[in-house]
Each structure stands twice: as C-alpha cells, then as structure tokens.
Amino acid sequence: MELLKNKVAMVTGGTRGIGFSIVKRFLENGAAVAVCGSREETVNKALAKLKEENPDWKVIGMSPDLQDPQAMEEAVAKVKEAFGSLDIMVNNAGISARDKFLEYKPEDFKKIMDLNVNAVFVGSQAAAKVMKEQGGGVIINTSSMVSIYGQPAGVGYPASKFAVNGMTKSLARELGRDHIRVNAVAPGVTRTDMVAALPEEMVQRLAASIPLGRVGEPEEVANCFLFLASDLASYVTGEILSVDGATMT
Ligand code: NAD
C-alpha cells in the first residue's frame, strides 16, 4: 500500500542516518521527496544511492542554509516548482554534544540551538506559508528521548529538544485551523553512524538497560514518521511519539 501517493515531502538531514531512512520510506510509499543535506557532495552521494535502488523514484537534492529564512523560502519554492506542492516537511537535521556544564562554551550552546531549534522554526515557517495557501499539510520534527528526561551532560542538546517539543505542541495548536498537523518523533538510541562508531561492548551495555533489550534501527524510527505523515494519522497533532523501546533514562 502506498501511504503517501501523490504527496510531496522535504526532509532536512536526509543524507544519512534517520533522515535517509525517512527519505527511503517516503519514496517506497509513493511520495516525491526533496533531500536536504549540509553539503552538495553528500546530497549527491545520497541521491546516487537512491537512484541505484530505484531509478523511478521521484527525488531531488539540495543543500540550503537551514537557518536562513530566505534560503529556505527559495528551497521550498524549488520543491514546488519540481513537484507542484509541499505536503510534508520533516525538520530532522540535528547535532549533539556531551560537554560538561562548567566547561560548556557559550558559542557551542548557541551552535546547537541554531541548528536544532532555530532551523526548525525557519523550516516550519517556510513550509507553513505554502501549506496554508494549499489548504493543509504536515510538519514533523525530530526530537529525542532526552526531551523527556534530560541527560546528565551536554545540556544544550536536551534543552534544544525540549524546545522542539514546545514548538511542536504550540504550532499544532496555532496551525490546526489551517489543516496543518504538527508532530514530533522522539527516538531513543538509534543505530546510525553515531552509534555504529561506538565499541560493540558499549552498545551491548546500552542495549541491556533498554526494556526491549536492544537499540533501535533507523527504519523503525522512519516507520513512525511514515505513520504521522500519512492520512492514518489524520486526527493526530501536537503529539511527541517516543520510539525508544521504553528507555527510562
Ligand atoms: P546523523 O549525524 O547521522 O545525520 C545528521 C544529518 O543532519 C545529516 O544528514 C547532516 O547532513 C545533517 N546536518 C548536520 N549538520 C547540519 C547543518 N549544519 N546544516 C544542515 N544539515 C546538517 O544524525 P542522526 O543520528 O540520523 O540524527 C538525526 C536526528 O535524529 C537529529 O535531530 C538527532 O538529534 C535525532 N536523534 C538521533 C538519535 C540517535 O541515536 N541517532 C536519537 C535521538 C534523536
């Protein structure tokens, strides 16, 4: 079943990890997708991989500055020009850091807020303008399990994801009348490059503390984006969906 037939999506941080899995799930379900990455080179690599898998997939790539409102409006306009609309905006690009609080540099705090929070604001605004004109749409943000519990180091990252949740819940309430649904997915530890780089022993230790007994796979996270993007979730908005195997810390 193609859950996103005739839909058009834009996915930031779509070149690898969770974002790349979201792009694939959306394409497999009939959507046309614009993949955003931080560099043209990585975007082209991702596009080549996707085209190799299925040359018929409708996919384009771009690398706009996610924090620049004009660049994002232009990027959204390009998507509309290529595919006719923008129905689903996924604000997924994000960075993390684990610096101890007393050593945390203010410029690093700002850097994490700039991408994890400001870019979500800018991307949502550029998308919502078009969605309102169109008569509706869906915005999905990538949060994290740390937005529920905080974490014992690297305060910028959990602070940024709490902000993402706040923006998600507030925009859901503000944009509901425009038929724009706004939700977030809060993954737990997920096997992306970041986790693959950890020693297997550490991954095993992490997994043992998770009730489901393992870390998550990017595809399992992407499935939740698919659900929220599709009409199966037509009455779901303002929700932060945890995908973390019931992790408790
Ligand atoms: P990743 O590092 O594998 O991918 C990050 C993506 O963001 C890449 O596509 C990259 O191009 C893009 N990106 C990074 N900096 C950018 C910038 N300055 N401008 C534009 N794009 C930029 O990360 P991931 O693990 O797939 O994480 C994706 C999202 O999931 C993030 O928001 C992250 O906070 C969240 N998350 C990840 C995990 C996990 O365990 N991997 C857990 C919870 C939440």
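For ligands, and for the atoms within them, numbers begin at 1 and follow the listed sequence.
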So the atoms of ligand 1 within less than 4.0 Å of a heavy atom of Gly14 turn out to be 9 (O)
Filtering Thr15, Leu115, Val90, Asn91 for the heavy atom nearest atom 17 (C) of ligand 1 leaves Leu115
When distances are taken from atom 13 (N) of ligand 1, the protein heavy atom at minimum range is Ala93 CB, 4.1 Å
The closest protein heavy-atom partner of atom 22 (C) of ligand 1 is Ser38 CB, 3.7 Å
Pairs of nitrogen or oxygen atoms closer than 3.5 Å, one from Ser144 and one from ligand 1: do any exist?
no
query: Can we say Lys129 and Glu133 salt-bridge, meaning some charged N sits less than 4.0 Å from an Asp/Glu carboxylate O?
result: no
Residues 38-48 vs side-chain hydrogen bond (donor to acceptor under 3.5 Å, both in side chains), sequence neighbours excluded, gives Arg39-Glu41
Closest to atom 44 (C) of ligand 1 by heavy-atom distance, out of Gly94, Ser143, Ser21, Gly188, is Ser143
Backbone N or O of Leu232 within a donor-acceptor pair of the Ser230 side chain at under 3.5 Å?
yes
Does at least one non-hydrogen atom of Arg191 fall below 4.0 angstrom from an atom of ligand 1?
-> no
Tyr157 heavy atoms within 4.0 Å reach ligand 1 at atoms 33 (C), 34 (O), 35 (C), 36 (N), 43 (C), 44 (C)
the protein heavy atom lying closest to atom 40 (O) of ligand 1 turns out to be Thr190 N, 2.9 Å
Q. Does ligand 1 have an atom that lies less than 4.0 angstrom from a heavy atom of Ser96?
A. no
Quick note on ligand 1: atoms under 4.0 Å from a heavy atom of Gly17 include exactly 3 (O), 26 (O)
Atoms of ligand 1 under 4.0 Å from any heavy atom of Val189, numbered from 1 in the order shown, are 40 (O)
Exercise. Verify salt bridge (Lys or Arg N to Asp or Glu O under 4.0 Å) between Glu28 and Arg25, making sure each step is shown before the conclusion.
Key: CA-CA 5 Å; Glu28 286 162 357; Arg25 269 294 179 276; 3.0 Å; yes
Tell me whether Ala186 reaches ligand 1 (any heavy atom closer than 4.0 angstrom to a ligand atom).
no
Short version for Thr192: what comes under 4.0 Å of ligand 1, heavy atoms counted, is side chain
| message | For a 4.5 angstrom cut-off between non-hydrogen side-chain atoms, does Val189 reach Thr247? | response | no
Under 3.5 Å between any N/O of Lys161 and any N/O of ligand 1: does that happen in this structure?
yes
Restricting to heavy atoms, the pick from Ile18, Val23, Asn92 nearest atom 29 (C) of ligand 1 would be Asn92
So the atoms of ligand 1 within less than 4.0 Å of a heavy atom of Leu66 turn out to be 20 (C), 21 (N)
*Give a yes/no on ligand 1: does Asp193 have at least one heavy atom closer than 4.0 angstrom to it?*
no
Item checked: Any N/O pair Thr142/ligand 1 closer than 3.5 Å -> no
Across all chains, not counting sequence neighbours, the side chain to side chain contact (heavy atoms under 4.5 Å, CB included) partners of Arg173 are Lys169
Val130, Met89: one ILVMFWY side-chain cluster at the under-4.5 Å cut-off?
-> yes
Per-atom filter on ligand 1: closer than 4.0 angstrom to a heavy atom of Gly13 are 6 (C), 7 (O), 8 (C), 9 (O), 12 (C)
Practice item. Decide whether the shortest distance between a heavy atom of Phe20 and an atom of ligand 1 is less than 4.0 Å. Key: no
The protein heavy atom nearest to atom 5 (C) of ligand 1 is Arg16 NH2, 3.9 Å
the protein heavy atom lying closest to atom 43 (C) of ligand 1 turns out to be Pro187 O, 3.3 Å
